[in-house]
Amino acid sequence: MSENLDTILQIAGSTLRLATPLLFAALGGLISERAGVVNIALEGLMLVGAFVAAAVAYATHSPVAGAGAAMLAGGLFASFYALFVVKLRADQIVAGTAINMLAAGVTPFLCKIFFQSTSSSAALPMDSRFVSAPLYGAWIFVIAVAFGLGFTPWGAWVRFAGEHPEALDSAGVRVNRVRWMAVILSGFLAGLGGATLSIFLSSSFSRNMTSGRGFMALAALIFGKWRPWPTAFACLLFGLADAFQIRLQGVVLWGSDPVPVQFIQILPYFVTILVLAGVMGGSRAPKALGQPFLKH
Amino acid sequence: MIELKALRKVFGAVVANADVSLKIERGSIHAIIGENGAGKSTAMKMLYGIYPPDSGEIFVEGRLCHWRSPRDAIAAGIGMVHQHFMLAAPYSVFENIVLGVEPLWPAQRQAMREKIKALSAQYGLAVDLDAKIEDLPVGIQQRVEILKLLYQNARILIFDEPTAVLTPQEARNLFANLKKLKSEGKTCILITHKLKEVMEASDQVTIFRAGAVVGEVKTSETSVDELASLMVGRKVSLRAERGAFEAKNVAGGGSKETGPVLRVKNLSLKSSLRDLSFEIAPGEIVGIAGIEGNGQSELLQVLLHPKEYHKKMSGEVSWLGVPSLSGSKTLSNSEIRALGVGCVPEDRHQEAVLLKRPALESFLLGFQRRSRFKKSVFIDSSRLAQAAAEAFESFDIRPRDPALEMSKFSGGNQQKLVIAREFEFSPRALIAAHPTRGVDVGAIEFIHAQILKARAKGLGVLLVSSELDEILALSDRVLVIYEGRIVGEFKHEEFSTGQVTEMDLGRCMTGVAK
Amino acid sequence: MRDSVWKILRFLRPLIAVSAGLAAGLLVTALAGENPLHVLAILGRSAFGSRYDFGMTLFYATPLIFTGLSVALAFHAGLFNIGAEGQLTLGALAAATVGICFPGVPAVIAPFLAGLAAFAAGALWGAIPGWLRARRGSHEVINTIMMNFIAVGLSSWVTLYLLKNPDSQNPETQAVAPSYLIKHLDFFGDAPLSIALFVALAAVVAIWIFLSKSTRGFELRSVGQSEGAARAAGISVGRMQILAMALAGGLAGLVGVSEVLGNATRFKVGFSPEYGFMGIAVALLGRSRPLGVLGAALLFGALHKGTADLDMETENITRDLSLILQGLVILSVAADGLWAWLDRRRSP
């Protein structure tokens, strides 16, 4: 009985932990998409955040400095993305994919320079890692984003930028400036999400360590219908799938052998596909999502 | 007072405004009329700061103005009610009105609400500030748009085709609002091509033709006929001449069909269509009149794509005697088209053509599986090119270049191509949805003639249009649709003899009475 | 005069974009402390320096032709296939599986059989996200990425549990029967280039004919141009999307031919240096036209060969430079607004 309870508590705990990177990234994606910019680049922004956090935390022995640097790096990368999609009106999905490739190339490149290895950074000692701060931090951000979007002028501008940019423009607010800010903000958050991967959930950066989480964050956002709270709960769902995945490794479910680890590892991806396929009707993307704003 | 002096604007090779000069008195309702492409919108967009003029000057209240963007014009007290409202559907009236300068704390919010309420009382523009835009009827949305401009302290209000989306009743309401605005000292500019409205609402009229001002008259001293001939530059018949297109007067006229072309019985679709029953006989044009959003789109979709909807609908439909929906049996769209049902879709850009491809491909679209255009699994490009060349000639599609990208053609020529395509394989039935939307006057006449010719050849035609004039001019029978129900049926004779008026129809369209 | 210069410039856009991307990439190498000219020299020499080197370039270009066509075909139907990586993984696995399980098949048909299996497996892996998009409306970009991860899991399970090579510590399958192996092109020396290159060229021609000449290809393109217009014309949009993704997946699956039958003789987990993602850059640079894809695949083949050697010949530069270059090239191709801006400045 108590063993069962223990198991449940453990799974609940690791669900919360594993959901944090998704939460940050999904909130970032939410801001950008509500402003009308598709953010496939989340994956790459997270990866950059993960590397920078590990490197800076390693050098300074301060997880806070690491997270701050990751945030800035995410923002910097995101502003590069914004340059292309907002200013130069590149196709958002194509440019996002390019940013992801860039991040996948730049991070091992830098890793080699700093740590003499393309596959991972040096292990971080305990004092350079977060113990639990991101766990609460993520939820504080959920509250902040929900409040900011719903009740501040800036939130209203973001929402109008994604829903009816011409109306916002004619009200005297520069749409593309709002979109720039939204994309950069999403870079901050995605960078933080990446930081939680390398200096909270594990103790080093490793190559391609985001392994699709940026895309899962996007799926969570779609499943959450572009609203903060439902998106947060969708992140928990994916966190749960991840927690199960880890929990089930090496467990014998039937017969005499444990379930092959390969089957268990694909569980979160499988859940993502199922969840996306389950979203039907009622879900309305921001109307101007994916359309560059061009003044006459 | 507003004065435009010698404005000139050129887009590529097109001179949109050659030398436009006009004056608009303060506190008047001034109508700007002209055909599509006559340059009236361009001139007003320059006044509103959307385009900078290539040369010429704009004076507002005596001051020379250089707008960098509409923002400057708005700051100077000019507002514009666009055809597509500048309102975000999922958000509240209040949020839409205060956009740009949102309240930061409750007291501020309260003050803003009071200000809006005072304005709405002063101008008789009642509206619920907390309602979501998407829940409001179009007429009220327009009211929100006006209120928003007043809130931004607009003194000059430009209305771009404001009645295009309104019922006759809502239009009356709008005109009453305009008079109220005028009496409070505001200047209203009305861009329109509906001459009756000009007569009804305006004080002064400026007429545009081919990028220039060709006339300026006091409304009280002119007539619809004079305006029409000024606008087009020749005498026009405002009503299509049905007589010229009676079966006996058209080569190959007369019907070969026997049964009804379309038979609809007890058709229902969730909450959008309720128990519709009607028939279309060969050689008959049946017009569906109604305010947009009362089930017209759904009706077209269901008639054309029963397979996609069959789980949600009930009733029976047959095309040319073949059941396309009965019980669980449905036909696919391609099967229906293969029966000989032609269709001019509702939204030309979204549903009828491939804008970024050569016109030839749009001409082929929908008929690519016909044996005439096929050589085993390939497209027979030589036959296609020949057919297209002939169609371009006989339907006078300009420029005569089927290899040109579709988007380079004007709206009228795109629509002509769509109609040419649908007539290429001699259909037996035709659905024409908003066939003249966004099309210039010359092309309108041509398209109406084609539809009447089709009728003379025995086609049954289902005509859906939001232009009441068009419905009345063409239809043998008019069905009025309201909230998914047919609430009225009128015969052509009842209009032509004046037994039923447009206002009667308008009341019917708003569900007030038969 | 200026007009004709401008026309030539427009025509050369892709080349300009590549040059811009390359220049930015070399700048990165400068930041890493290498002499960019030196890097450029190594790149050129290692891609074209000898028969062997050029053979290697073509060897890398072959799978890129397949994946580039794959992405391009999906683009024509209005879909973005980021799943070529997963599709080619399963294609290669299927080719290997057939080659291991049916050793008795005569050499005349064996490669065809394996090729067919590769195509079918890739097609299935593409059709699933196609179906999900068409019938459930879920975005193919997310789903194809997820399918990539699932493909990794699935293929390594098959490799390790069902077809493991008992003589090796590496995660790889047994070798396929010799009758399945296809002809090596000896002209290029030791470069593992096989007649799979000609299969790729044939695919270029086939896709060109399909897209520009066939009725079905026209329907597929119509869906990509305008779903609404295609639907109103009686074309089943969903079926076309599934077809496009299946074909795209099949094309990517054919990488199994060049890899398993032409090179490794077996399936090795992680054999692909992300050919699937490079296919995106190839398709974009080739403007989704089959011939363009061919040219872009050669270019990226050369880049890949070049950067692989950089790994060995320089201190700090790794083959990851290739990814950076791809990203930069895609960005410079995709920056439409830049060209529009130049156009506007030209015609005031």
Side-chain angles (χ1 to χ4, degrees), chain A residues 38 40 43-44 80-81 83-91 93-113 118 207 211-212 214-216 218-219 222 260-273 275-281 283 292 294, chain C residues 25 28-29 31-33 80 82 128-129 132 135-139 141-143 145-161 274 277-278 280-281 284 311 315-341:
Chain A
V38 179
I40 291 279
E43 177 89 1
F80 189 58
Y81 176 58
L83 171 70
F84 279 90
V85 295
V86 179
K87 180 83 181 164
L88 298 177
R89 301 197 306 280
D91 182 284
I93 291 181
V94 170
T97 305
I99 295 285
N100 288 340
M101 290 171 124
L102 217 50
V106 165
T107 45
F109 192 82
L110 292 176
C111 200
K112 167 94 185 216
I113 293 173
T118 58
R207 196 188 173 108
S211 53
F215 291 94
M216 284 184 198
L218 269 183
I222 294 169
V261 65
Q262 289 86 0
F263 282 149
I264 295 168
Q265 280 170 343
I266 63 177
L267 186 70
Y269 307 112
F270 196 64
V271 169
T272 305
I273 290 178
V275 160
L276 265 189
V279 184
M280 282 294 273
S283 146
L294 178 62
Chain C
V28 172
T29 63
L31 292 179
F80 195 16
I82 330 191
I128 295 170
L132 286 165
R135 301 285 176 249
R136 307 297 300 173
S138 44
H139 207 297
V141 166
I142 297 175
N143 280 333
I145 287 276
M146 297 297 131
M147 295 294 283
N148 286 346
F149 287 106
I150 296 176
V152 171
L154 199 64
S155 63
S156 55
W157 176 72
V158 171
T159 305
L160 297 175
Y161 286 75
E274 307 209 314
F277 291 98
M278 283 192 234
I280 298 168
L284 283 169
D311 222 349
E315 187 76 15
N316 279 326
I317 314 286
T318 68
R319 56 173 52 215
D320 300 304
L321 180 65
S322 167
L323 268 172
I324 299 177
L325 286 175
Q326 288 163 45
L328 290 171
V329 168
I330 294 179
L331 282 175
S332 30
V333 174
D336 250 2
L338 187 62
W339 295 101
W341 181 71

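Side chains included, hydrogens not; waters and symmetry mates left out as well; all remaining heavy atoms used. Residue numbers start from 1 in every chain, and the chains themselves are labelled A, B, ... in the order their sequence lines are given, proteins ahead of strands. Quantities reported herein were computed from a predicted structural model and do not represent experimental measurements.
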For [X] versus [Y], what's the shortest heavy-atom pair and its separation?
{"X": "C/D320", "Y": "A/P108", "answer": "OD2-CB, 3.3 Å"}
{"X": "C/M278", "Y": "A/M101", "answer": "N-CE, 4.1 Å"}
{"X": "C/G153", "Y": "A/I266", "answer": "CA-CG2, 4.0 Å"}

side-chain contact (heavy atoms from CB on, under 4.5 Å) between A/M216 and A/V271, intermediate numbers included: CA-CA 10 Å; A/M216 284 184 198; A/V271 169; over 6 Å; no
Pick from C/N148, C/L284, C/L321 with the largest number of heavy-atom pairs that fall under 4.5 Å of chain A: C/L284
Select one option (side chain, backbone, both, neither) describing which atoms of [X] are under 4.5 Å from chain C's heavy atoms.
{"X": "A/F215", "value": "both"}
{"X": "A/F263", "value": "side chain"}
{"X": "A/S211", "value": "both"}

What part of [X] lies closer than 4.5 angstrom to a heavy atom of chain A: side chain, backbone, both or neither?
{"X": "C/I324", "value": "both"}
{"X": "C/L328", "value": "both"}
{"X": "C/L132", "value": "side chain"}

A/Q262 side-chain N/O to C/L154 backbone N/O, donor-acceptor pair under 3.5 Å: no
Among A/L110, A/T272, A/I40, A/V85, residue most engaged with chain C (heavy-atom pairs, under 4.5 Å): A/T272
side-chain contact (heavy atoms from CB on, under 4.5 Å) between A/D91 and C/F80, worked out: CA-CA 11 Å; A/D91 182 284; C/F80 195 16; 6.0 Å; no
